[in-house]
2 protein chains.
Amino acid sequence: MEEVLRRQIEKIVTLTDEEFRFVLTHFTARTVKKHQYVVQAGDPAPNDHFVVKGLLKSFYTDDLGKTHILQFAMEDWWISDPQAYHNKVNATLHIDCLEDTQLFFISIDNREKLCVELQKMEYFFMKKTTAGYIALQRRILSLMSQKAEERFNQFIQLYPTLLQRVPKALIASYLGISRETLSRMSAH
Amino acid sequence: MEEVLRRQIEKIVTLTDEEFRFVLTHFTARTVKKHQYVVQAGDPAPNDHFVVKGLLKSFYTDDLGKTHILQFAMEDWWISDPQAYHNKVNATLHIDCLEDTQLFFISIDNREKLCVELQKMEYFFMKKTTAGYIALQRRILSLMSQKAEERFNQFIQLYPTLLQRVPKALIASYLGISRETLSRMSAH
DNA sequence: TAAATGTTGTGAGGTAGATCACATCAATGG
DNA sequence: CCATTGATGTGATCTACCTCACAACATTTA
């Protein structure tokens, strides 16, 4: 279990056994069942979650009650409500499990402490955040310049495994299109 | 001029005079005329730009030749092609000036050096990147859950000065709607 | 200062995709 | 193992927004 997290970090910075043990003391392990919530809009959400096994989604519910999926997170991914996490305000997003899930979470306070104590880890988080930023920019461009079917095809290319594990209606919500429209094009 | 940059940094971390002088050695000042490009798709784009005075935009040109504006940047903002910058690959975005502009830019190599030399600065960039990430997430939600007019109203709230300085057609492009549609609603 | 170029408005018509409404079949839990 | 709930497909409308076309000014620039 711990090794999954270690491998994730060591993709970017190398750690001695001792350093990793130290890093680990800042995390907490947790298992969560399908359908359970990890973050609820309105509540504080002081943790960032690393997925060891399982699958979650984060989503926003608008004034009309429609939900919009911001992110899926499977093995090796991180998920949080970043605004609530970094600014210590209440969540505006929900996060729940699509499958039984094992994760490590780290509080924002522990993270800030860890970054000061071990600069490598600040570097690690920096790289992760930057990569996330770039991915979001790509998604914005995709929402603005591509039509539904192109976005879906791109999704299939990018996340073939999610196509298997996630109901189509949720993928539609992630892509910003209706269930029915996506259904009508699954041919290609 | 330098003070603008200093104030920007000191919103997040405090610097001694000496530290700031040191920070400055990693930046280069530059003035750019209206219509000039700062980054061109296809070329390397190893610099991140801090705007002291003026106004720029970053945009993507799709296969059909349509352009989509990702970002405006006026005084106190940063602008780059983040993917090209951080991953040292060629740009996919263009960045050009909407007004005569003064800026400080920092190469990715200088930035990485600076972050190691002065950890405060790594913290500073981390905060900036995180805030940017949160803003992009909000924009994605806005593209998915709001319709054209709501997005425009939100834009006015958020960036009243841009409404003055930027042609409506460009704002439309930023919002992912057509010039004509935006024109038809400027009533409200 | 005339010519070229950029900005904004507005009409008319077209369309991608939303919404509503069912139907079928699979999965899950008491 | 039956009953409820979830997943998916598909037809029939509806609509927000796009595209094309043109006009009227404003602003550069030669």
Side-chain angles (χ1 to χ4, degrees), chain A residues 33-37 54-57 59 61-69 72 94 96-100 141-156 161-188, chain B residues 33-37 54-57 59 61-69 72 94 96-101 141-156 162-188:
Chain A
K33 285 255 166 63
K34 190 170 173 173
H35 295 299
Q36 281 191 330
Y37 279 75
L55 182 55
L56 308 89
K57 66 174 195 286
F59 60 101
T61 305
D62 69 22
D63 352 297
L64 302 161
K66 269 193 72 172
T67 76
H68 306 273
I69 294 182
F72 296 110
H94 299 271
D96 69 357
C97 296
L98 301 176
E99 301 175 0
D100 292 353
L141 277 182
S142 161
L143 282 168
M144 296 204 302
S145 70
Q146 293 179 296
K147 36 194 55 173
E149 188 154 5
E150 295 174 307
R151 271 180 272 147
F152 181 50
N153 287 328
Q154 194 172 283
F155 182 91
I156 297 171
T161 53
L162 285 183
L163 193 64
Q164 309 308 120
R165 288 167 76 176
V166 176
K168 301 280 174 61
L170 298 185
I171 294 176
S173 167
Y174 175 87
L175 294 171
I177 64 189
S178 74
R179 232 210 71 221
E180 293 92 333
T181 298
L182 186 134
S183 168
R184 275 184 248 274
M185 66 202 194
S186 6
H188 297 145
Chain B
K33 286 252 166 65
K34 189 169 173 174
H35 295 298
Q36 281 191 332
Y37 280 74
L55 182 55
L56 306 90
K57 67 174 195 287
F59 60 101
T61 305
D62 69 23
D63 351 296
L64 302 161
K66 270 193 72 173
T67 75
H68 306 273
I69 294 182
F72 296 110
H94 299 271
D96 69 359
C97 296
L98 301 177
E99 301 175 359
D100 293 353
T101 296
L141 277 181
S142 160
L143 282 168
M144 295 204 303
S145 70
Q146 292 179 296
K147 38 194 54 172
E149 188 153 5
E150 295 174 307
R151 272 181 273 149
F152 181 49
N153 287 328
Q154 194 172 284
F155 182 91
I156 297 171
L162 285 183
L163 192 63
Q164 310 308 120
R165 289 166 76 175
V166 176
K168 302 280 173 62
L170 298 185
I171 295 176
S173 166
Y174 174 88
L175 294 172
I177 65 190
S178 74
R179 232 211 71 222
E180 293 92 333
T181 299
L182 185 136
S183 167
R184 276 184 248 272
M185 66 199 195
S186 2
H188 295 149

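The chains referred to below are lettered A, B, ... by the order of the sequence lines, with proteins before strands, and numbering in each begins at 1.
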Undergrad: Looking at residues at least two apart in the chain, or sitting in another chain, which of them share a ring pair (Phe, Tyr, Trp, His ring centres under 6.0 Å) with B/H94?
TA: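 B/Y37, B/F59.
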Undergrad: How long is the span from the CG atom in B/L56 to the CD atom in B/E99, to the nearest 0.5 Å?
TA: 9.0 Å
Undergrad: Indicate yes or no for a side-chain donor-acceptor contact from B/E150 to the backbone of B/K147 under 3.5 Å, with no hydrogens or angles considered.
TA: yes
Undergrad: To the nearest angstrom, how far is A/R165 atom CZ from D/dA7 atom C1'?
TA: 18 Å
Undergrad: Compute the bend angle of the helix from C/dT1-D/dA30 to C/dG30-D/dC1 from the end axes (five pairs per end), rounded to 10°.
TA: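 Between the first-five-pair axis and the last-five-pair axis there is 50°.
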Undergrad: Tell me whether A/D100 contacts the main-chain N or O of A/K34 through its side chain, where contact means a donor paired with an acceptor under 3.5 Å.
TA: yes
Undergrad: Taking CG from B/L182 and P from C/dT10, how many angstroms apart are they, rounded to a whole number?
TA: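 About 13 Å, once rounded to whole Å.
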Undergrad: One character per nucleotide, please: for nucleotides 22-30 of chain D, 5' to 3', B when the base has a protein heavy atom closer than 4.0 Å, S when only the sugar-phosphate does, - otherwise.
TA: ------S--
Undergrad: Could you give the CG-to-P distance, from B/L175 to D/dC18, as a whole number of Å?
TA: 11 Å
Undergrad: So, the side chain of B/S183 versus the backbone of B/R179: is there a donor-acceptor pair under 3.5 Å, distance only?
TA: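 Between the backbone of B/R179 and the side chain of B/S183 there is no qualifying donor-acceptor contact (under 3.5 Å).
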Undergrad: Can you check the A/L98 CG to D/dG6 P distance for me, whole Å?
TA: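 These atoms are roughly 14 Å apart.
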Undergrad: When the distance from CD of A/E149 to C1' of C/dT15 is rounded to whole Å, what number comes out?
TA: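 So the CD-C1' distance, A/E149 to C/dT15, works out to 15 Å.
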Undergrad: Is any side-chain heavy atom of B/V166 closer than 4.5 Å to a side-chain heavy atom of B/Y174?
TA: no
Undergrad: Kindly say if A/S178 contacts the phosphate of C/dA18, meaning a side-chain N or O under 4.0 Å from OP1 or OP2.
TA: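 True: A/S178 side-chain N/O within range (under 4.0 Å) of C/dA18 OP1/OP2.
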Undergrad: Please tell me which of the listed nucleotides, D/dA12, C/dT8, D/dC18, lies nearest to the side chain of A/R184?
TA: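 Given the options D/dA12, C/dT8, D/dC18, the side chain of A/R184 is closest to D/dA12.
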Undergrad: Within less than 4.0 Å of OP1 or OP2 of C/dG9, is there a side-chain N or O belonging to B/S183?
TA: yes
Undergrad: For A/F152 and D/dG9, what is the distance between atoms CZ and C1' respectively, to the nearest whole Å?
TA: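 About 14 Å, once rounded to whole Å.
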Undergrad: Could you tell me the separation between the CD atom of A/Q146 and the CG atom of A/L175, rounded to the nearest 0.5 Å?
TA: 10.0 Å
Undergrad: If you round to the nearest 0.5 Å, how far is CG of B/L182 from CD of B/E180?
TA: 10.0 Å
Undergrad: Take A/A148 and A/E180, find for each the nucleotide of DNA chain C with the closest heavy atom, and name the residue whose nucleotide sits nearer the 5' end.
TA: A/A148
Undergrad: Just verifying a value: how many Å separate B/D62 CG and B/T67 OG1, rounded to the nearest 0.5 Å?
TA: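 Interatomic distance, B/D62 CG to B/T67 OG1, rounded to 0.5 Å: 8.5 Å.
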Undergrad: Measure CG/B/L64 against C1'/C/dA16 and give the value in whole Å, please.
TA: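 To the nearest whole Å, that distance equals 15 Å.
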Undergrad: Identify which nucleotide among C/dT8, D/dC18, D/dA16 has an atom closest to any side-chain atom of B/K147, counting heavy atoms from C-beta outward.
TA: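 Among the listed nucleotides, the one closest to the side chain of B/K147 is D/dA16.
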Undergrad: Take atom CD of A/E99 and atom P of D/dG6, then tell me their distance rounded to the nearest Å.
TA: 17 Å
